[in-house]
Structures are given as C-alpha cells and as structure tokens.
Amino acid sequence: DEEDDKKVSDSYVSHIDDLYLPHLGDENGEEVVDDSYLSRVSEKSTDRNVPKKDRSFSWNSLFQHLYAEKVSGRKKEQAILRLHNLLNDFTTVCVQYARILISERWLSSERKTLKPVGIGYAGGQKFMVDSIFFKFCIDNNKVYGDEAAPRKIANLDLLGLDALLHESSFAEQSLHFPLTVLVDYLGFRVLCQAKLPISSETLLLGSADAGRTFHDSFLPLSKTVRCVAQSLNLAGYVRSSGHFVPAAFDLEGHLAEDNK
C-alpha cells in the first residue's frame with residue numbers, strides 16, 4: 001500500500017563505495033574480517049539514485065565468515081548481531097535495485113539503468129550489480145505454462161535453502177550456501193543472491209545444464225550432500241548414466257575459488 005511504499009522509498013540505502021573488508025589480526029594473531037562498516041554504511045535516500053559500485057566488495061565473503069563464527073560458537077553473540085546487521089544491509093540494497101529493475105521492466109536493454117547480463121531458459125532476465133545476482137522469476141519461455149509457477153518455485157527454493165542450511169550445520173563436512181533474498185514489487189518477484197566465486201571449472205557435484213550432464217567427482221562432498229538429503233527425508237534416484245542423485249536434478253556443488 002501507499003504507506004509501505006513510503007517506507008521502502010525512505011529506506012536506508014547502502015552506498016557500496018563506502019564498504020570495505022580490511023583484514024586485521026585479533027589478540028591471538030588470528031585473521032578476522034573488520035565489518036565495522038555496518039555502523040556507517042547507511043545514508044538516507046529519497047530517490048532512485050543507483051548506489052556507486054565497488055567491485056572489490058564481497059557480500060559472500062563476509063556472510064560466510066560471520067556464519068562460520070555463529071556455527072562454531074566462537075564469539076557467537078557478536079557474530080549473530082553482526083550477521084543480523086549484514087542481512088539487513090543486504091536486504092536494503094536488494095530492495096533498492098529490485099525496485100529499479102522492476103520499474104524498468106518494459107524498457108529496452110539500451111534504456112535500462114542496469115543492463116542485463118543474460119536470460120534464463122526457465123526464468124527471466126539476469127543482472128549482476130555490485131556483487132549481487134538478480135533474476136526475474138517469470139515464465140519467459142512458457143516452460144511452466146503458468147505465470148505464477150516461477151514465483152512459487154523461487155519461494156520453495158528459498159525454503160529448501162533454509163532447510164539445507166540448518167541441516168548442514170550438523171554434518172561432519174562443512175557446506176556453504178549463498179546469501180539469498182526474494183523481493184516482491186508491483187506484482188513481480190526478483191531473486192537476489194550474493195555473487196559466489198564459482199564457475200564451470202569449480203563444479204564437482206550436480207548439473208549446470210538442466211540435467212543433461214551430471215558431475216560427481218569429489219567423494220567427501222557427495223557423502224555430505226547424501227547425508228544431509230537423508231536427514232531431510234529426500235529420496236534420491238539413479239540416472240541412466242548410473243550416477244546417484246541425492247536431491248534435485250539441477251543441484252550444484254562446487255569447490256569455490258575461496259576453497260569453500
């Protein structure tokens with residue numbers, strides 16, 4: 001409604017050019033990430049100006065660091081507070097960009113403020129802005145035959161991600177998941193996800209081409225994913241190639257460039 005719109009338009013917008021991640025040493029000589037920016041990144045904004053970009057900033061790096069501290073119990077209370085602040089900042093930035101993307105939905109690519117980087121087969125246009133991946137949840141190629149289906153699928157993906165995140169905390173081998181937000185505005189839904197340091201070269205488990213080919217080349221990862229899937233009562237299946245798929249056919253497991 002109008003009141004909610006005003007709240008969003010008056011929201012605090014993180015200016016990416018003010019964010020940085022210097023690495024410091026604590027009293028034990030261990031490396032820590034300085035996220036003191038959380039107390040100073042926000043600046044009141046009442047227009048649709050696009051925050052300036054700093055390609056060196058990584059939402060994913062800070063999220064993984066803080067989540068690991070929370071799970072390990074080391075400085076747990078501080079980590080939970082800092083994680084909460086990070087999630088608030090990430091959501092605020094995602095809302096700001098998603099509003100722009102949706103408002104310019106019908107413009108040609110040349111006239112858009114934020115330029116698309118591709119388009120999904122079972123989804124809409126994709127964008128990459130300030131280390132955040134954005135994708136419209138729409139049935140671009142009439143794969144589902146229902147405009148509401150992609151929005152429902154995105155919501156179910158988020159619920160699944162939350163379940164995997166929780167169950168994996170009990171696994172022997174650590175699994176890491178992306179920071180993800182869904183933004184609804186003017187009848188559209190946009191998936192927002194922190195950019196991950198992955199590529200086709202880092203894929204070790206699953207499929208990156210809608211199930212046409214399947215990778216399974218790292219036993220510790222396969223065993224951990226299978227264990228987590230079993231704890232969630234997910235039924236795996238055997239492909240015609242003989243590979244056992246413990247969860248969704250388009251599941252992807254990577255050993256990322258940050259060794260996570």
Side-chain angles (χ1 to χ4, degrees), residues 1-9 11 13-14 48 50 59-60 63 86-109 111-168 177-196 198 206-212 229 232-235 245 247-253:
D1 55 23
E2 184 176 341
E3 184 178 348
D4 287 337
D5 259 1
K6 187 176 186 303
K7 288 180 182 178
V8 174
S9 64
S11 64
V13 180
S14 296
R48 290 174 53 233
V50 181
W59 292 102
N60 178 67
F63 172 65
L86 174 69
L87 296 179
N88 282 342
D89 282 337
F90 182 73
T91 300
T92 298
V93 174
C94 288
V95 168
Q96 177 77 355
Y97 281 129
R99 282 172 58 96
I100 296 173
L101 293 173
I102 293 170
S103 297
E104 298 182 347
R105 170 80 176 85
W106 308 109
L107 295 180
S108 64
S109 297
R111 298 182 60 192
K112 292 181 186 293
T113 304
L114 307 172
K115 309 301 182 185
V117 296
I119 188 166
Y121 178 74
Q125 284 185 316
K126 301 177 181 180
F127 301 80
M128 186 70 72
V129 190
D130 291 340
S131 295
I132 305 176
F133 169 77
F134 297 86
K135 184 178 74 170
F136 275 94
C137 302
I138 61 175
D139 192 7
N140 188 63
N141 289 307
K142 309 301 179 184
V143 174
Y144 308 105
D146 179 3
E147 286 299 329
R151 297 194 294 273
K152 294 177 181 178
I153 291 171
N155 188 58
L156 291 173
D157 283 345
L158 189 61
L159 292 173
L161 180 62
D162 184 62
L164 288 170
L165 188 64
H166 177 265
E167 288 299 325
S168 67
F177 300 91
L179 184 57
T180 306
V181 166
L182 293 179
V183 177
D184 291 333
Y185 182 59
L186 298 179
F188 289 94
R189 174 166 290 173
V190 173
L191 170 74
C192 317
Q193 203 165 71
K195 181 182 179 182
L196 301 177
I198 60 175
S207 174
D209 55 7
R212 286 188 291 274
L232 290 170
N233 293 319
L234 298 178
V245 182
F249 75 91
D250 57 349
L251 169 81
E252 288 188 32

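We're numbering straight along the sequence, starting at 1.
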Open item on the list: For a side-chain contact (heavy atoms from CB on, under 4.5 Å) check, start with the C-alpha distance between I119 and F136, then their side-chain angles and the critical distance, and finish with the verdict.
Closed with: CA-CA 9 Å; I119 188 166; F136 275 94; over 6 Å; no
- [ ] Applying side-chain contact (heavy atoms from CB on, under 4.5 Å), run through L179 and L87 and close with a yes or a no.
- [x] CA-CA 8 Å; L179 184 57; L87 296 179; 3.1 Å; yes
Task: Chi angles and distances behind the side-chain contact (heavy atoms from CB on, under 4.5 Å) call for Y97, V190 - done: CA-CA 10 Å; Y97 281 129; V190 173; over 6 Å; no
Task: side-chain contact (heavy atoms from CB on, under 4.5 Å) between D130 and V93, worked out - done: CA-CA 9 Å; D130 291 340; V93 174; 5.7 Å; no
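K115 contributes a side-chain N or O that, together with a main-chain N or O of S109, makes up a donor-acceptor pair within less than 3.5 Å.
Nearest heavy atom pair, residue P116 against residue Q125, reads CG-NE2, 3.7 Å. When every heavy atom of V181 is checked against every heavy atom of V183, the shortest pair comes out as CG1-CG2, 4.0 Å.
Atom CG of L101 is separated from atom CG of L107 by 11.0 Å, given to the nearest 0.5 angstrom. To the nearest 0.5 angstrom, K126 atom NZ is 14.5 Å from F134 atom CZ. Rounding to the nearest 0.5 Å gives a distance of 9.0 Å between CZ of F63 and CZ of F90. To the nearest 0.5 angstrom, W59 atom CH2 is 6.0 Å from L86 atom CG. Separating the CD atom in E167 from the CG atom in L234 is a distance of 9.5 Å, to the nearest 0.5 Å.
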Donor-acceptor list for residues 142-158 side chains, cut-off 3.5 Å, not counting sequence neighbours:
unit_1, atom_1, unit_2, atom_2, d
K142, NZ, E147, OE2, 3.2
D146, OD1, A148, N, 3.0
R151, NH1, E147, O, 3.3

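Applying the side chain to side chain donor-acceptor pair (under 3.5 Å) test to every pair with at least one member in residues 186-195, sequence neighbours left out, gives these pairs: T180-Q193, D184-R189.
Between E252 and L196 the shortest side-chain heavy-atom distance does not fall below 4.5 Å. Side-chain contact between S131 and N60 is absent, with no heavy atoms from C-beta onward closer than 4.5 Å.
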